[in-house]
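Single-structure report; data block below.
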Amino acid sequence: MTNHWNDIQHTDCALIIGANPAENHPISMKFVQKAKERGATVISADPRYTRTSTQAHIYAPFRSGTDIPLIGGLIHYAIENDLIHKEYVVNYTNASFLVNEDYQFNDGIFSGYDENSRSYDQSTWTFQTDEDGNILKDETLQHPRSVYQLMKEHYSRYDVDTVCSVTGTPKEDFLKMAEAFCATGQVGKSGTIMYAMGTTQHTVGSQNVRAYGLIQLLLGNIGVPGGGVNAMRGECNVQGSTDMALLFHILPGYLPAPTGTERHKDLASYNKNETPHGGWWNNRPKYLVSLLKAWYGDAATKENDFLYDYLPKNSRNSSHISLFEAMYDGDIKGMLVWGQNPIVGGPNTTKEQKAMENLDWLVAIDLWETETAAFWKQKAGSNPESINTEVFMLPACGPYEKEGAVTNSSRWKQFRWKALEPKGEAKADAWICHNLAKRVKKLYQGDNSTKGNIINALNWSFGDGDYPSNDLINREINGYDLTTGKTVLNFTQLQDDGTTSCGNWIYSGVYPDAGPDEEKNRAKDRDNKDTGMENYLNWSFAWPLNRRILYNRASADLNGQPWSDDKKVIWWDGETWANSYDVPDFAAVKAPGTPAEPGAPALAGHSGDDPFIMNAHGHGGLFAPMNDGPFPEHYEPYESPVPNAFSSVDLNPAVVIWTGDYNEKGDRSQFPIVVTTYRLTEHWQSGSMTRNLEWLSELQGHMFVELSEELAEEKGIKNKDKVVISSARGEIEAYAMVTKRFKPYTIRGEKVHHIGMPWHWGYMGITTGAIANTLTPHIGDANTMIPEYKAFLGDVRRAD
Ligand SMILES: Nc1nc2c(c(=O)[nH]1)N[C@H]1C(S)=C(S)[C@@H](COP(=O)(O)OP(=O)(O)OC[C@H]3O[C@@H](n4cnc5c(=O)[nH]c(N)nc54)[C@H](O)[C@@H]3O)O[C@H]1N2
Ligand SMILES: Nc1nc2c(c(=O)[nH]1)N[C@H]1C(S)=C(S)[C@@H](COP(=O)(O)OP(=O)(O)OC[C@H]3O[C@@H](n4cnc5c(=O)[nH]c(N)nc54)[C@H](O)[C@@H]3O)O[C@H]1N2
Ligand SMILES: [Mo]
């Protein structure tokens with residue numbers, strides 16, 4: 001989230017899209033209700049009428065997979081009706097920047113496309129500069145090569161009629177939504193976008209989020225109370241785990257993971273190629289070297305490049321689908337499945353189950369024997385005799401049986417104290433990890449092979465106890481000044497010369513300035529006094545620097561004054577920003593109007609009015625390169641009921657296409673129905689945590705599929721009938737739930753049916769049922785590779 005949970009109450013309009021918080025993030029609805037009480041308008045845009053929709057003033061239905069047309073339509077509407085926040089757009093975004101003359105967009109393809117590699121050379125997606133490298137601008141926004149004019153032209157194709165014919169949204173609903181949301185472009189108003197998996201689980205998932213960014217920048221809604229692009233994260237610590245680099249392509253704190261390429265061949269090359277001259281990321285070398293010092297301790301020296309060579313070089317894509325494809329091909333022999341149940345949660349699960357048969361060993365660390373741990377059994381449809389995988393199950397204890405911090409969507413790191421002792425042999429994950437590391441290190445003692453050297457160099461200083469010291473873990477994350485032995489105050493003290501260490505720079509400040517005997521864990525802070533604008537600065541620690549609203553310089557005008565009194569969060573009092581309600585997102589000292597130092601690095605090159613400090617140019621990126629283009633453009637899902645109306649390119653041209661066994665693509669003549677998947681209040685994810693509990697099993701005991709009354713009529717299906725849902729990957733059985741929540745859509749003049757189902761069931765646990773992911777394809781987003789769980793083609797019939 002750019003903003004935070006409590007802040008939602010300050011919004012004038014909440015656009016809830018790609019999420020159903022009433023069921024999946026119920027606490028957030030408390031703040032939506034508060035906003036409503038204060039007069040805010042609530043919009044729910046969803047292919048299906050949800051419990052969230054029941055709480056909204058405006059409901060806009062649309063076909064799964066058409067977020068970009070919908071938001072592109074809002075962008076078009078805001079521009080055409082002159083509803084943008086002009087002063088904000090001119091000063092705080094890159095709207096005025098002049099784009100490279102060679103940048104082009106033609107019939108769905110941006111300049112630089114290579115068909116063979118299905119990727120873009122992005123060298124034309126840049127700005128024009130003068131001889132000194134300064135970006136050329138036109139603050140009147142009239143220049144034909146300005147970002148503003150190019151954007152306007154791009155979205156001129158997203159007029160209301162085209163948009164509604166693609167999304168299937170009734171025009172009057174679209175217009176109600178557009179009028180309400182775009183009204184937040186008024187100076188002093190704010191609108192928030194709350195989203196989750198309905199947005200991201202698409203071949204254009206990242207660009208869906210970018211589209212939200214665009215409309216929010218145009219309306220002046222980023223950085224202000226009640227505004228923002230707010231990802232409601234899923235699992236209780238998914239924010240923390242991405243921050244800590246659970247993803248393969250990053251190191252902790254969002255440093256790019258080194259690849260095996262020339263670009264990253266040694267520390268100097270990595271630093272040279274990954275360190276922009278302007279903006280906050282100019283500090284990146286300090287964060288990487290401090291991370292290497294945290295990981296390799298005394299073994300990391302200036303002379304040996306701080307053991308940069310020991311970092312794994314990611315030469316291939318290691319996202320979920322790629323890993324299972326590699327496993328299917330026999331390239332992966334062992335798997336630790338740690339708090340995950342991919343046989344239910346992963347896409348194209350029949351293929352993933354087959355892939356697992358190639359494993360020599362599988363270690364499942366979980367509270368239960370999950371479908372994944374039991375994949376080799378007959379009830380999974382497998383033949384145990386032909387499967388040689390050796391399965392080890394390590395019992396893990398549950399969340400309340402251990403101590404440690406989790407980070408929520410608001411970026412708050414909150415410590416949780418242990419409530420109960422673990423039962424039986426169950427152990428905390430940290431214990432398992434600690435003891436695994438200690439044993440591996442012992443195993444390699446005195447081994448001088450490369451592998452041995454790497455393992456021996458690893459600094460593992462979490463105490464002598466059987467259980468790792470949480471205190472020491474937190475200190476390592478915060479970082480030390482190695483010359484004094486005290487923890488650093490925050491990341492502004494980190495260095496690239498080996499005198500500091502830091503496990504994750506964005507969290508630096510969580511354990512500030514502490515000597516060996518001083519406890520200062522701010523994740524334990526629990527002062528619930530409102531410190532202004534419901535920011536609660538003394539409750540937990542929010543990264544970065546305890547800041548609650550990111551880019552909050554943009555909440556004030558060029559003079560440093562809030563755009564309106566009821567959206568007041570930081571302000572310049574003539575001398576300082578420091579007396580504000582939030583930690584200013586800024587060099588914290590620059591007065592409004594301070595000019596940039598020409599050519600200076602880092603923030604010195606930014607003026608006192610450049611709020612987007614992470615960007616080299618300090619401005620919000622309306623035009624910003626991603627793998628699949630600098631502007632969001634609509635492409636149909638991998639499997640779609642209609643050709644693309646916006647260009648002759650149906651599928652996102654930059655996604656990886658998997659072929660080979662079990663990768664059939666559904667055709668609309670055979671599978672005419674749009675299918676989506678989602679969650680229920682009563683169940684949690686793959687169901688291990690809820691289908692093993694009697695009460696919840698009883699509350700939602702059966703796998704079902706929701707379909708419209710019209711489709712049921714056509715297919716001769718009645719409520720509670722057993723039906724078969726099919727896709728190119730397979731078939732599953734479920735009970736029919738005939739409902740008004742789905743309606744047939746009219747898409748480009750044709751009737752298109754839409755169905756949806758939960759994906760919580762599997763063959764283990766108390767209540768069992770078909771795995772929805774039998775139906776989903778191996779295809780993912782062009783930037784993140786997140787699977788396209790939310791839109792694919794299928795069919796439905798009565799089971800006889
Ligand atoms: N009770 C409960 N709560 C949960 C979870 C759970 O399993 N159970 N899981 C947690 C986790 S890990 C996560 S990630 C979150 C997910 O939270 P949400 O994203 O809210 O979860 P979903 O229900 O999967 O999807 C949300 C909505 O997206 C809609 N949708 C379908 N297709 C599209 C589309 O193309 N575009 C848009 N904009 N919307 C579409 C669906 O109809 C659905 O109502 O929930 C978390 N909270
Ligand atoms: N079709 C479809 N598929 C989807 C989605 C969708 O919307 N549609 N959503 C996707 C999303 S957003 C997500 S996040 C994934 C989730 O996919 P998974 O992460 O595979 O699903 P979970 O059920 O959350 O699995 C977590 C496992 O961890 C165990 N567990 C719980 N607490 C602990 C603990 O403290 N320690 C350990 N070691 N184990 C623990 C649980 O028992 C459970 O078996 O599914 C994805 N799959
Ligand atoms: Mo999730």
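In what follows, residues are counted from 1 in the order of the sequence shown. Counting starts at 1 for both ligands and their atoms, in listed order. Small disclaimer: the values here were computed from a predicted structure and weren't measured.
- For atom 14 (S) of ligand 1, the nearest non-hydrogen atom of the protein is Met197 CG, 3.3 Å.
- Remark: ligand 2 and Thr677 share an N or O pair separated by less than 3.5 Å (distance only, no angle test).
- Judged by the shortest distance from any of its heavy atoms, Pro47 lies inside the 4.0 Å radius around the atoms of ligand 1.
- Lys790 CE, 3.4 Å is the protein heavy atom nearest to atom 25 (O) of ligand 1.
- Lys740 has a carboxylate O that lies under 4.0 Å from a charged side-chain N of Glu709, or vice versa, which qualifies the two as a salt bridge.
- Among all non-hydrogen protein atoms, the one lying nearest atom 4 (C) of ligand 1 is Trp684 CZ3, 3.2 Å.
- For a threshold of 3.5 Å applied to N or O pairs, the pair formed by Gly345 and ligand 2 contains at least one separation below that value.
- The nearest heavy-atom contact from the protein to atom 2 (C) of ligand 2 is Tyr789 CD2, 3.2 Å.
- For Tyr195, the heavy-atom gap to ligand 1 stays at 4.0 angstrom or more.
- Given atom 38 (N) of ligand 2, the protein heavy atom at minimum distance is Asp429 OD1, 2.8 Å.
- Checked against a 3.5 angstrom limit, the closest N/O atoms of Thr199 and ligand 1 fall outside it.
- Under the 4.0 Å criterion applied to side-chain N and carboxylate O atoms, Asp429 and Lys402 are assigned as salt-bridge partners.
- Which parts of ligand 1 touch Thr676 is read off a 4.0 Å heavy-atom cut-off, strictly below it: atoms 31 (C), 32 (N).
- When each atom of ligand 1 is checked for a heavy atom of Phe62 under 4.0 Å away, the hits are 36 (N), 37 (C), 38 (N).
- Scanning the protein for heavy atoms near atom 37 (C) of ligand 1, the closest one is Gly198 O, 3.2 Å.
- Of the possible donor and acceptor atoms, none in the side chain of Ser726 sits under 3.5 Å from a partner among the backbone N and O of Glu731.
- Annotation for ligand 2: atoms under 4.0 Å from non-hydrogen atoms of Ala396 are 36 (N), 37 (C), 38 (N).
- What sits closest to atom 35 (O) of ligand 2 on the protein, heavy atoms only, is Lys402 NZ, 2.6 Å.
- Between Ile365 and ligand 2, an N or O atom pair is found at a separation short of 3.5 Å.
- One N or O on the side chain of Arg411 and one on the backbone of Thr2 form a donor-acceptor pair closer than 3.5 Å.
- Set against the non-hydrogen atoms of Trp338, the atoms of ligand 2 under 4.0 Å away are 38 (N).
- Between Glu371 and Arg691, at least one side-chain N (NZ, or NE/NH1/NH2) sits under 4.0 Å from a carboxylate O, which counts as a salt bridge.
- One option in Arg679, Arg233, Glu682, Arg51 has a heavy atom closer to atom 45 (O) of ligand 1 than any other, and that option is Arg679.
- Regarding atom 21 (O) of ligand 1, its nearest protein heavy-atom neighbour is Asn24 ND2, 2.9 Å.
- The nearest protein atom to atom 32 (N) of ligand 1, hydrogens excluded, is given as Ser64 OG, 2.8 Å; this is a heavy-atom distance.
- The shortest N/O to N/O separation between Ser686 and ligand 2 falls below 3.5 Å.
- Across His25, Glu706, Glu23, heavy-atom proximity to atom 17 (O) of ligand 1 is greatest for His25.
- Residue Ala196 approaches ligand 1 through these ligand atoms, each under 4.0 Å from one of its heavy atoms: 17 (O), 18 (P), 19 (O).
- The shortest contact between atom 27 (C) of ligand 1 and any protein heavy atom is with Asp46 OD2, 3.4 Å.
- Which parts of ligand 1 touch His202 is read off a 4.0 Å heavy-atom cut-off, strictly below it: atoms 34 (C), 35 (O), 36 (N).
- Between His702 and Tyr735, the two ring planes are perpendicular [angle over 60°; tilted spans 30° to 60°].
- The contact set between ligand 1 and His760, taken as ligand atoms under 4.0 Å from a residue heavy atom, comprises 7 (O).
- What sits closest to atom 31 (C) of ligand 2 on the protein, heavy atoms only, is Met689 SD, 3.5 Å.
- Set against the non-hydrogen atoms of Thr50, the atoms of ligand 1 under 4.0 Å away are 44 (O).
- A donor-acceptor pair is defined here as one N or O able to donate and one able to accept, closer than 3.5 Å; no such pair exists between the side chain of His760 and the backbone of Ser686.
- Each of the atoms 34 (C), 35 (O) of ligand 1 lies under 4.0 Å from some heavy atom of Gly65.
- For atom 24 (O) of ligand 2, the nearest protein heavy atom (residue, atom name, distance) is Glu235 OE2, 2.8 Å.
- Checked against a 3.5 angstrom limit, the closest N/O atoms of Thr681 and ligand 1 fall inside it.
- For Met232, no heavy-atom contact with ligand 1 is shorter than 4.0 Å.
- For atom 39 (N) of ligand 2, the nearest non-hydrogen atom of the protein is Gly339 CA, 3.4 Å.
- Taking any N or O of His683, backbone or side chain, at least one lies under 3.5 Å from an N or O belonging to ligand 1.
- Under a 4.0 Å criterion applied to the non-hydrogen atoms of Leu367, ligand 2 contributes the atoms 30 (N), 31 (C), 32 (N), 33 (C), 34 (C), 39 (N), 40 (C).
- Proximity of the aromatic rings of His76 and Tyr158 is defined here by a centroid distance below 6.0 angstrom, and this criterion is not met.
- Every N/O-N/O distance between Thr370 and ligand 2 stays at or above 3.5 Å.
- Between the OG atom of Ser688 and the CG atom of Leu367 there is a distance of 9.0 Å, given to the nearest 0.5 Å.
- By the 4.0 Å heavy-atom criterion, Cys397 is counted among the residues contacting ligand 2.
- A donor-acceptor contact shorter than 3.5 Å links the side chain of His754 to the backbone of Ser64.
- Near Asn20, meaning under 4.0 Å from any of its heavy atoms, are these atoms of ligand 1: 20 (O), 26 (C), 44 (O).
- Here the heavy atom of the protein found nearest to atom 44 (O) of ligand 2 is Asp366 OD2, 2.6 Å.
- Judged by distance alone, the side chain of Ser727 and the main-chain N or O of Gly794 form no donor-acceptor pair under 3.5 Å.
- Remark: Lys351 is positioned above the aromatic ring of Tyr328, its terminal NZ or CZ atom under 6.0 angstrom from the ring centre and at most 45 degrees off the axis.
- The protein non-hydrogen atom at the shortest distance from atom 10 (C) of ligand 2 is Gln201 NE2, 3.4 Å.
- Considering backbone and side-chain atoms together, Asp67 places an N or O closer than 3.5 Å to an N or O of ligand 1.
- A salt bridge links Glu369 with Lys377: the distance from a Lys NZ or Arg NE/NH1/NH2 to an Asp or Glu carboxylate oxygen falls below 4.0 Å.
- The N/O atoms of Trp759, backbone and side chain alike, include none that comes under 3.5 Å of an N/O atom in ligand 1.
- With hydrogens left out, the protein atom closest to atom 13 (C) of ligand 1 is Gly234 CA, 3.2 Å, a heavy atom.
- Atoms of ligand 2 found under 4.0 Å from any heavy atom of Asn773 (numbered from 1 in listed order, with element): 1 (N), 2 (C), 3 (N).
- Distances between N or O atoms of Ala45 and those of ligand 1 include no value under 3.5 Å.
- Shown in contact with Trp368 at under 4.0 Å from a heavy atom are these atoms of ligand 2, numbered in order with element: 42 (O).
- Heavy-atom proximity to atom 1 (N) of ligand 1, evaluated over Val238, Leu680, Thr690, is greatest for Leu680.
- Any N or O atom pair closer than 3.5 Å counts here, and Arg63 shares no such pair with ligand 1.
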